[in-house]
Amino acid sequence: MSLLTVEGLSKSFKGLRAVDDVSFEVEQGAILGIIGPNGAGKTTAFNLIAGAIKPDAGTVTLDGKDITGHPPHKIAAAGMARTFQLMRPFYSMDVLQNVTVAVLAGGASEKSARDQAAGIIERIGLSQWRDSPTEGLPTAALKRLELARALAIKPRVLLLDEVLAGLVPAEREPVLGLLEELRTQDGVTLVFVEHIMAAVMRLSDSVLVLNLGQVLTQGSPQEVTSDPRVIEAYLGEEPSA
Ligand SMILES: Nc1ncnc2c1ncn2[C@@H]1O[C@H](COP(=O)(O)OP(=O)(O)O)[C@@H](O)[C@H]1O
Ligand SMILES: [Mg+2]
């Protein structure tokens with residue numbers, strides 16, 4: 001049985017079908033990449049899956065439980081975390097406080113939350129920023145903080161929305177290594193939206209292509225990137241840096 005099953009997911013905004021009958025499954029421990037042009041519905045699909053907005057139709061099943069339309073905190077408690085394309089830390093707090101709050105939200109005790117947060121910060125390579133104000137952090141650090149906050153709930157499934165965007169190639173490498181480690185060491189199941197094709201090719205077991213709110217195709221990275229429809233809809237136009 002798949003760990004995450006999305007079936008017939010749909011959402012319209014004032015007549016625009018942002019997500020239109022999208023279905024896919026992800027096995028435990030697998031990595032699914034999602035690509036598609038801007039406006040294809042990738043972020044909206046994440047918002048629907050993680051409970052930020054309610055779908056017009058369709059279902060989301062996590063480990064056999066129907067979580068469709070559940071509020072984000074319940075979905076997090078059920079084991080699914082997500083990062084936001086537009087980062088949302090508490091800018092009034094420092095890095096350690098931000099991660100501590102997320103650990104507490106994940107149900108940890110007051111006593112252990114700070115230590116757990118410090119451990120996550122260390123693991124994710126944020127230690128040099130640990131006591132820094134969040135306001136004014138460089139993008140690479142903010143992206144890692146977003147990831148640290150998602151990891152704070154010890155997710156079984158992690159949805160990542162363009163975590164590499166804004167990072168220079170040298171900054172991408174440690175994040176990619178961390179994502180691989182999350183799968184191999186922690187057994188975390190990953191679904192990631194990404195424009196950087198080298199990362200999509202390297203990480204994905206399978207790639208789902210969205211276009212105009214619909215699934216254009218799904219297949220292995222090689223299948224998908226050699227598909228003329230994908231090249232026409234997406235790869236032809238996008239720089240694949
Ligand atoms: N809250 C919203 N209200 C109205 N339109 C929206 C909203 N969120 C997304 N959209 C529209 O839905 C479409 C898909 O957007 P999005 O999911 O952000 O695409 P992607 O992440 O693939 O770039 C776009 O046309 C976008 O303008
Ligand atoms: Mg998006």
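One-based numbering along the sequence shown. Every number for a ligand or one of its atoms is a count from 1 in the order of the listing.
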* To do: Would you indicate whether Arg183, at its atom CZ, is surrounded by more than 12 heavy atoms from other residues, nucleotides or ligands within a distance under 6.0 Å?
  => yes
* Structure fact -> When rounded to the nearest 0.5 Å, the distance separating OG1 of Thr61 from CD of Glu25 is 9.0 Å
* Please say whether Phe13 places an N or O atom under 3.5 Å from an N or O atom belonging to ligand 1. => no
* So, are Arg156 and Asp186 salt-bridged, with charged N and O less than 4.0 Å apart? -> no
* Structure fact -> The protein heavy atom nearest to atom 18 (O) of ligand 1 is Thr43 CB, 3.7 Å
* Asked: Does Arg123 come within less than 4.0 Å of Glu181, counting only side-chain N to carboxylate O?
  -> yes
* Asked: Is the distance from the Mg ion (ligand 2) to some N, O or S atom of Thr44 under 2.8 Å?
  -> no
* Asked: For Gln28, does the CD atom sit with more than 12 other heavy atoms under 6.0 Å from it, leaving out its own atoms?
  -> yes
* State whether the shortest distance between N or O atoms of Thr44 and N or O atoms of ligand 1 falls below 3.5 angstrom. => yes
* Hey, is ligand 1 close enough to Lys42 that some N/O pair sits below 3.5 Å? -> yes
* **Atoms of ligand 1, numbered as shown, that sit under 4.0 Å from any heavy atom of Asn38** => 23 (O)
* Decide, yes or no, whether a salt bridge links Arg202 with Glu180 under the criterion of side-chain N to carboxylate O below 4.0 Å. => yes
* **Heavy-atom nearest neighbour in the protein, as seen from atom 25 (O) of ligand 1, with distance rounded to 0.1 Å** => Leu16 CD2, 3.4 Å
* Asked: So, is Gly39 polar-close to ligand 1, with some N/O to N/O distance under 3.5 Å?
  -> yes
* **OG1 (Thr43) - the Mg ion (ligand 2) - OE1 (Gln85) angle, nearest 10°** => 80°
* Answer yes or no for Arg149 and Phe90: cation-pi contact, defined as NZ/CZ to six-membered ring centre under 6.0 Å and angle to ring axis within 45°. => yes
* For Ala40, atoms of ligand 1 separated by under 4.0 Å from a heavy atom -> 19 (O), 20 (P), 22 (O)
* **Asn38 near the Mg ion (ligand 2) via N/O/S, less than 2.8 Å** => no
* Mark whether atom 27 (O) of ligand 1 lies under 4.0 angstrom from at least one protein heavy atom. => no
* What about Ala18: any of its N or O atoms under 3.5 Å from an N or O on ligand 1? -> no
* **More than 12 heavy atoms from other groups under 6.0 Å of CD on Glu7** => no
* **atom 19 (O) of ligand 1: nearest protein contact (heavy atom, Å)** => Gly41 N, 3.3 Å
* Counting only heavy atoms not in Leu212, do more than 12 sit closer than 6.0 Å to its CG atom? -> no
